[in-house]
Undergrad: 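Before I ask anything, here is the structure I am working with.
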Number of protein chains: 4
Amino acid sequence: MTSSGLFVWEAQNLGKSARTRARLMDAAVQLFARDGFEAASVNEIARVADVANGTFYVHFRDKDEIAAAVAFGIAQGVARQLDDAMADETDALARIGMATRRFIDLASSAPDWGRALFRAVWFFTDLRGSTANYLRADLELGVRQGVITVEVDDFLILTFAAMTMNALFAQLQGEFTTDAGSRVAELQLRMLGAPPETAREVAWREIPRLQLHLTPLHRPAAAPAAE
Amino acid sequence: MTSSGLFVWEAQNLGKSARTRARLMDAAVQLFARDGFEAASVNEIARVADVANGTFYVHFRDKDEIAAAVAFGIAQGVARQLDDAMADETDALARIGMATRRFIDLASSAPDWGRALFRAVWFFTDLRGSTANYLRADLELGVRQGVITVEVDDFLILTFAAMTMNALFAQLQGEFTTDAGSRVAELQLRMLGAPPETAREVAWREIPRLQLHLTPLHRPAAAPAAE
Amino acid sequence: MTSSGLFVWEAQNLGKSARTRARLMDAAVQLFARDGFEAASVNEIARVADVANGTFYVHFRDKDEIAAAVAFGIAQGVARQLDDAMADETDALARIGMATRRFIDLASSAPDWGRALFRAVWFFTDLRGSTANYLRADLELGVRQGVITVEVDDFLILTFAAMTMNALFAQLQGEFTTDAGSRVAELQLRMLGAPPETAREVAWREIPRLQLHLTPLHRPAAAPAAE
Amino acid sequence: MTSSGLFVWEAQNLGKSARTRARLMDAAVQLFARDGFEAASVNEIARVADVANGTFYVHFRDKDEIAAAVAFGIAQGVARQLDDAMADETDALARIGMATRRFIDLASSAPDWGRALFRAVWFFTDLRGSTANYLRADLELGVRQGVITVEVDDFLILTFAAMTMNALFAQLQGEFTTDAGSRVAELQLRMLGAPPETAREVAWREIPRLQLHLTPLHRPAAAPAAE
DNA sequence: CATGAATGAGTTTTCATTCAT
DNA sequence: TATGAATGAAAACTCATTCAT
């Protein structure tokens, strides 16, 4: 229940169909977060969304399709909000550190969504690649600025992403309530080649916290359910 | 098919009951690796193990129990073999780098087992902590030797483990055929505070490759495991 | 695709409601022919007819009702055209043979319709009886003319009809490309008592072929029927 | 309920599994006869057989598989019994006439089974071809004996079969309580070329009636359900 | 211990039909 | 009339688990 309703919020001015679709997506977020993708059943998604089970299939072909829609919606929202927040920053290390930290803040500010995102990333390997493009650009910037001394390739990016997702997981577990973002960012920066003091300074520097509020998710991508 | 039958081999001199149990565990390894934990069905495990489905419940309370047994068995075997191989090494960075590299070699030398281990680690979060004790000892040794300049705590260990598992995954995917172990080890050592040249030297230094034929688990038995 | 739109064509000068109804019937013909009565879904009929699914129920109480309307429509059209074509023939055997042959030609000239008719006859047993009245009249004429030497009753008529439908089926299957009409007509005439040579002559005598463009149903309209 | 239990009767001395399988087949016969193949649901078959719905899938992959098993079982039983009854007859017309008449007697002596057979023949077109081989042999014998004056080919056989099935249908409807066999046989013999008096004599000659009792169906073909 | 048939709750999916707009 | 979202009952099928032998 925590932070549900984000899709519905977004859809409140759209048609009835869009609102039902959004209700289903919010329900799916909740259940994917709680039970994981495999364990969540279509019937329960419908039940939580408070629609008949058949209604699910009016909007989505199957569980995969709603999962993709949800994952895409979250990822898009997070990415957009991160983008906005970092528009002015030109220092590669700062950008990288802030992206990690803000991503974790954002995703853990709405735990259901964070968890759903976490599961989704695990499930849809594609998602990783696509999201990673932002990261790749910053890493290459760092190489040009001479502050990154490792080879930038897919393996590095996957490793970097794995570290970030692990930190998100830890924070969502509540095992490291507040600091997971800074801690992992510091480790990442060290790994990339930043001097220890720089890594520490960038990773712990005060930044305004972001909250996952909905404006970023402009539309759930009015995808055609039927075919 | 490749590396099946390790549990059966281990059990070959034990009673009939132990051998049946081992057959089930080998079958489970195969199926967890191929389909994941949720998708593997008890009936199919029994079928692959070539026993009646009811027999499963003579040996395990439920699917969770066999999964735990398998995961524990693999982890223990891997740990034992790693231990043996590193008995003489006293340099902390070398120990740490070698452990990562050998773990990945080992786990990817028997892909079924590697994949099963990978899934299991994901499923049994506990497993991470327990295996991590070996790692913690080496990290603390590194601190005492003055070569590790980050704080050693649970978060660091989880991050370290996540990097390793990610590399294992990449290697199992075949995306990075041979080098995932060295690559991630180098990144880890940099992260911990090793100078870049040291990190590189340790991570890429020639070491004898291990194959997963653990002390009592010597090699793929000519096991029956029907198919 | 071939011969769709006959109902729409017929309805082109009627009101909008009648045209929508006709569109639904044409769509139903297509789907009944392709999938059979049970497998054709109301939603798909509406989709093919390019109307909203709710619109279906404005025009028909349920699936049975549209099936009856379609079957009745086809049967009536076929009967009318047969009637017209045989107005001048007074010899009973010639009438009977020609009716069978022309029915098969007609129904197989528009395969969708033939198949739909075939299914419908199977489904609505009534249809058989009603259509059979034409046949009964000719058979009784044959008795009066002394050329039919079996008892004319419902059983004979059903048997006769079964033979005809079987021939239609064979021809629609493409197993007997052109001759199913003549072949079955010859067998029927023999059965009724015609001397073998007469049966053969009548059944294979040249007759102008009919095509299913019934009096008000002239030809495939450039109908919208989406898909 | 009428004539059920034939498969069970047959299986009564076999193992428990075979008996359950037989119960399911008997239930299927009943429901296919009453509702047709499409309308009969797996759950209801299981309910009538008095087993849990899951049990169905222990024995049959799906509805198609049980339908095939049932159809094959019936057809085999009928064919065997017909064979036995006609072993001594050498006159082609007599064989043909008796086969038709006895087939109808047999199939309508156990109405459920007759109806199920009827549906099955319609559904599994293959069945027609295979059963038709007996018929073809007799027809060719008739040609050699000079009593059949039409060409013997697939079309003739299908027509012949259609007439027989139609007669069975009529008799099962109760519209022609007792005589459908003789009536259709007479028509068939006329069609083939027998002189009217011969056709009549052969078709109405007294013959001992057969009843569908079960010995003929030796085993439900211990087919492997699982795979 | 081992067997394997049987269970039945639970899952996905379809579809005729209704109803507010 | 026409729309199309929503419904919910029912169908096919799966699978962890039990139990009599």
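Lettering follows sequence order; numbering is per chain, from 1.
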Undergrad: Rounded to whole Å, how long is the line connecting atom NE2 of D/His59 with atom P of F/dC13?
TA: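 Distance check: D/His59 NE2 to F/dC13 P gives 16 Å.
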
Undergrad: Show every donor-acceptor pair shorter than 3.5 Å between a side-chain atom in residues 33-46 of chain D and any protein atom, with sequence neighbours excluded, or say none if there are none.
TA:
{"residue": "D/Ser41", "atom": "OG", "partner": "D/Glu44", "partner atom": "N", "Å": "3.1"}

Undergrad: DNA chain E: B/Ala52 or C/Ala40, which has the more 5' nearest nucleotide?
TA: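 Whichever sits nearer the 5' end wins; that is B/Ala52.
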
Undergrad: Using the test side chain to side chain contact (heavy atoms under 4.5 Å, CB included), find all partners of B/Glu65 that sit at least two apart in sequence or belong to another chain.
TA: B/Phe60, B/Arg61, B/Asp62

Undergrad: Please tell me which of C/Val51 and B/Glu38 maps to the more 5' nucleotide of DNA chain F, matching each residue to the nucleotide holding its nearest heavy atom.
TA: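 The residue closer to the strand's 5' end, by nearest nucleotide, is C/Val51.
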
Undergrad: Applying the side chain to side chain contact (heavy atoms under 4.5 Å, CB included) criterion to B/Thr20, which one of B/Asp50, B/Val51, B/Val8 satisfies it?
TA: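 By the side chain to side chain contact (heavy atoms under 4.5 Å, CB included) criterion, B/Thr20 pairs with just one of B/Asp50, B/Val51, B/Val8: B/Val51.
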
Undergrad: Between C/Leu24 (CG) and F/dT1 (P), how many Å, whole number?
TA: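 Value for this atom pair: 13 Å.
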
Undergrad: Taking only residues two or more places apart in sequence or in another chain, which ones pass side chain to side chain contact (heavy atoms under 4.5 Å, CB included) with B/Arg19?
TA: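 Scan of B/Arg19 (side chain to side chain contact (heavy atoms under 4.5 Å, CB included), adjacent residues dropped) gives B/Ala11, B/Lys16.
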
Undergrad: What is the distance, rounded to the nearest whole Å, between atom CD1 of B/Ile66 and atom P of F/dA16?
TA: 12 Å

Undergrad: Checking the side chain of A/Asp112 only, and the main-chain atoms of A/Gln30 only, is there a donor and an acceptor separated by less than 3.5 Å?
TA: no

Undergrad: Tell me what B/Thr55 touches on the nucleic acid: a base, only sugar-phosphate, or nothing, going by heavy atoms under 4.0 Å.
TA: base

Undergrad: A/Asp50 CG to F/dA5 P: how many Å, rounded?
TA: 19 Å

Undergrad: Defining pairs by Watson-Crick or G-U wobble geometry with both distances under 3.5 Å, how would you list the stems of DNA chain F with at least three pairs each?
TA: E:2-21 with F:2-21

Undergrad: Expressed in angstrom and rounded to an integer, what is the separation of D/Arg47 atom CZ from F/dA12 atom C1'?
TA: 17 Å

Undergrad: Looking only at the side chain of D/Lys16 (C-beta and beyond, no hydrogens), which of the listed nucleotides E/dG4, F/dT3, E/dA5 gets closest?
TA: E/dA5

Undergrad: Provide, to the nearest angstrom, the distance between the CZ atom belonging to B/Arg23 and the P atom belonging to E/dC1.
TA: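 In whole Å, E/dC1 P and B/Arg23 CZ are 14 Å from each other.
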
Undergrad: Quantified in whole Å, what is the C1' atom distance between nucleotide F/dT21 and nucleotide E/dC1?
TA: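 Approximately 13 Å lies between the C1' atom of F/dT21 and that of E/dC1.
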
Undergrad: Listing time: all N or O pairs from protein to nucleotides 17-21 of chain E that are below 3.5 Å?
TA:
{"residue": "E/dT17", "atom": "OP2", "partner": "C/Tyr57", "partner atom": "OH", "Å": "3.4"}

Undergrad: Would the distance check show the side chain of A/Asn53 and the main-chain N or O of A/Arg47 forming a donor-acceptor pair, the cut-off being under 3.5 Å?
TA: no

Undergrad: Are the side chains of C/Phe7 and C/Leu24 in contact, using a 4.5 Å heavy-atom criterion?
TA: no

Undergrad: To the nearest angstrom, how far is D/Arg21 atom CZ from E/dA6 atom C1'?
TA: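 Result: 16 Å.
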
Undergrad: Taking only side-chain N and O atoms of A/Thr20, does any of them lie within less than 4.0 angstrom of OP1 or OP2 on F/dA6?
TA: yes

Undergrad: Let me know the distance between CG of D/Leu31 and P of F/dA11, rounded to the nearest Å.
TA: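 Checked: the CG to P distance equals 11 Å.
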
Undergrad: Between B/Asp26 and B/Trp9, is there a side-chain heavy-atom distance shorter than 4.5 Å?
TA: no

Undergrad: Considering every strand and a 4.0 Å limit on heavy-atom distances, what is the contact class for B/Ala18: base, sugar-phosphate, or nothing?
TA: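 Here B/Ala18 touches no strand at all.
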
Undergrad: Could you give the distance from CZ (D/Phe32) to CD1 (D/Ile74), rounded to the nearest 0.5 Å?
TA: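 Going from CZ on D/Phe32 over to CD1 on D/Ile74, the span is 9.5 Å.
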
Undergrad: Once rounded to the nearest 0.5 Å, what's the spacing between atom CZ of A/Phe72 and atom CE of A/Met25?
TA: 10.0 Å

